[in-house]
Protein chains: 2
Amino acid sequence: MSQRRILVVDDEDNLRTMLVAALKYEGYDVSFAPDGQTALKMVRESSPDLIVLDVMMPDLDGFAVCKRLRDAGNRTPVIFLTARDSASDKVQGLQIGGDDYLSKPFALEELVARVEAVLRRVDSSPDSAETWTLADLVMDDVAHRVTRAGEEVHLSPTEYNLVKFLLQNTGRVLSRGQLLQNVWGYAPDDDPSVVETYVGYIRRKVDAYEPKLIHTVRGVGYTMRVQQA
Amino acid sequence: MSQRRILVVDDEDNLRTMLVAALKYEGYDVSFAPDGQTALKMVRESSPDLIVLDVMMPDLDGFAVCKRLRDAGNRTPVIFLTARDSASDKVQGLQIGGDDYLSKPFALEELVARVEAVLRRVDSSPDSAETWTLADLVMDDVAHRVTRAGEEVHLSPTEYNLVKFLLQNTGRVLSRGQLLQNVWGYAPDDDPSVVETYVGYIRRKVDAYEPKLIHTVRGVGYTMRVQQA
DNA sequence: CAGCCTTCTTAGCGGGTTCTTAGGAACGCC
DNA sequence: GGCGTTCCTAAGAACCCGCTAAGAAGGCTG
């Protein structure tokens, strides 16, 4: 997956700088704006993949910015930041079309987790295009073609479905039962050893490269993601 | 927003045809299935945006279909149709993970209204991102990932469950008995030495940082919180 | 109909995980 | 400060989980 671009909008210099640094550290391509007007302009010009938006700002506040975007038909995911923790604020934020909501003070790690959760959800939503990518792994569902590092990877039908389902749920841990149901159409409590065999198969094909994308979560299941140390 | 896709599942031909026609007329992209098995297959293959699901069907009934989907981790919104109007049915339907409930006979307009309401609600609700945080400790349950100060912390299944339960009860002191019950599924008066061993394990991993988050309450049990001295 | 690809089962190995035990350390009460 | 109680830790044994190899069974294609 190509690098995700995030726009951070906050009028407080210190906080904004910190957010930008933290997200950059996580590997995102981060830009920032100090106020609502600038933010709207930047969204129009660079259409980021996600916006982290402070609610309390002078002039045009976060809610207003989001509302303007939505009214203009822009569906870029928004995560609101606010000092307040009232339920009514949260409701308002979500009604306006926000995707998540974080009350100050919060741990930077929590912001990162929520950013990932929102991007994960957006990525796997069914109306996104019919090609999935993760790092240098590309699956073109229309052409029914899978490539890793530019080289074509030949997969049997079941292998293909397994990779596809894992890819559609990037970052999410899937149990053997879930895989049995969604890839094989079996009952969740059927013998899961087929799954293990097939994970072995696709590992030898898809993960014959670095970085490894298929990970075992012992006692739980499997997941696909780029492992950040 | 692209056209929304709805799957109608009903074994009665006449009703099903009518529903399909009505929803198509409203501008939805409608497909249909005559029974539960077919429905499950179609959901897997085409992942619709919403499912209208008759409860009373031979073989695999509506509740069973919904349960199978939810167990497989599929969160597609479901509206149940039923001939019965009992409160217990409604409760069962919602418990299983249905989003709305309609008793026959109903006006087509009512179905349309509920379809729109459910879609609107789903669009604006954020991921109920199951993440818990305490200071710089973050647990992302979907990704099954735990980080402290941004670094990933590897936990065995039992360790993970223990941290999760402590984190879900932040600030509350949990007795060894409670932990035995909720993390191990043992009786509360079983030998609590396992708990001590595991608290030791997770201390070395998640409390290898400052501030310490896991605290012993002598004579009572353990708790997780940021210690303000 | 023969050969290949694919699917799935089985069995064994290796290593992570769980749990027990026991000794020593820390705490708190008197 | 002494003493009993509670808690911590190290170490090891048994266990279970997941990986892999190998082969049987089924299906598709030439």
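Lettering follows sequence order; numbering is per chain, from 1. Heavy-atom basis, side chains included; hydrogens, waters and symmetry copies ignored. Just so we're clear, the structure is a prediction, and the values are computed from it rather than from any experiment.
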Protein-to-nucleotide contact annotation, 5' to 3' order, nucleotides 9-25 of chain C [B base; S sugar-phosphate only; - none; under 4.0 Å, heavy atom] = BB----BSSBBBB----
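- The terminal axes of the helix from C:dC1-D:dG30 to C:dC30-D:dG1, fitted over 5 pairs per end, subtend an angle of 30° to the nearest 10°.
- Residues meeting the side-chain contact (heavy atoms from CB on, under 4.5 Å) test with B:Pro34, sequence neighbours left out: B:Arg16, B:Thr38.
- Within the 4.0 Å cut-off from OP1 or OP2 of D:dG18, not a single side-chain nitrogen or oxygen of A:Arg203 is found.
- Scored by the side-chain contact (heavy atoms from CB on, under 4.5 Å) test, B:Glu159 finds B:Leu155, B:Ser156, B:Tyr198, B:Tyr201, B:Ile202, B:Lys205 as partners (sequence neighbours excluded).
- Following rounding to the nearest Å, A:Leu179 (CG) and D:dG18 (C1') show an atom-to-atom distance of 14 Å.
- Residues satisfying the side-chain hydrogen bond (donor to acceptor under 3.5 Å, both in side chains) test with A:Thr147, not counting sequence neighbours, are none.
- By the ring-ring contact (aromatic ring centres under 6.0 Å, His included) test, A:His144 is found to be paired with A:Tyr160, residues two or more places apart in sequence or in another chain being considered.
- The side chain to side chain donor-acceptor pair (under 3.5 Å) contacts involving residues 179-192 of chain B comprise B:Asp191-B:Ser193, where partners must be two or more places apart or lie in separate chains.
- For C:dT7, the OP1/OP2 oxygens have no side-chain nitrogen or oxygen of A:Tyr160 closer than 4.0 Å.
- Distance CZ (A:Arg204) to P (D:dA22): 10 Å, rounded to an integer number of Å.
- B:Asp29 places no side-chain N or O within donor-acceptor distance of the main-chain N or O of B:Arg4, the cut-off being under 3.5 Å.
- For the ring pair (Phe, Tyr, Trp, His ring centres under 6.0 Å) condition, no pair includes a residue of residues 3-46 of chain B, sequence neighbours left out.
- Applying the ring-ring contact (aromatic ring centres under 6.0 Å, His included) test to B:Phe165 and every residue at least two apart in sequence or in another chain returns nothing.
- Distance CD1 (A:Ile202) to C1' (D:dG18): 15 Å, rounded to an integer number of Å.
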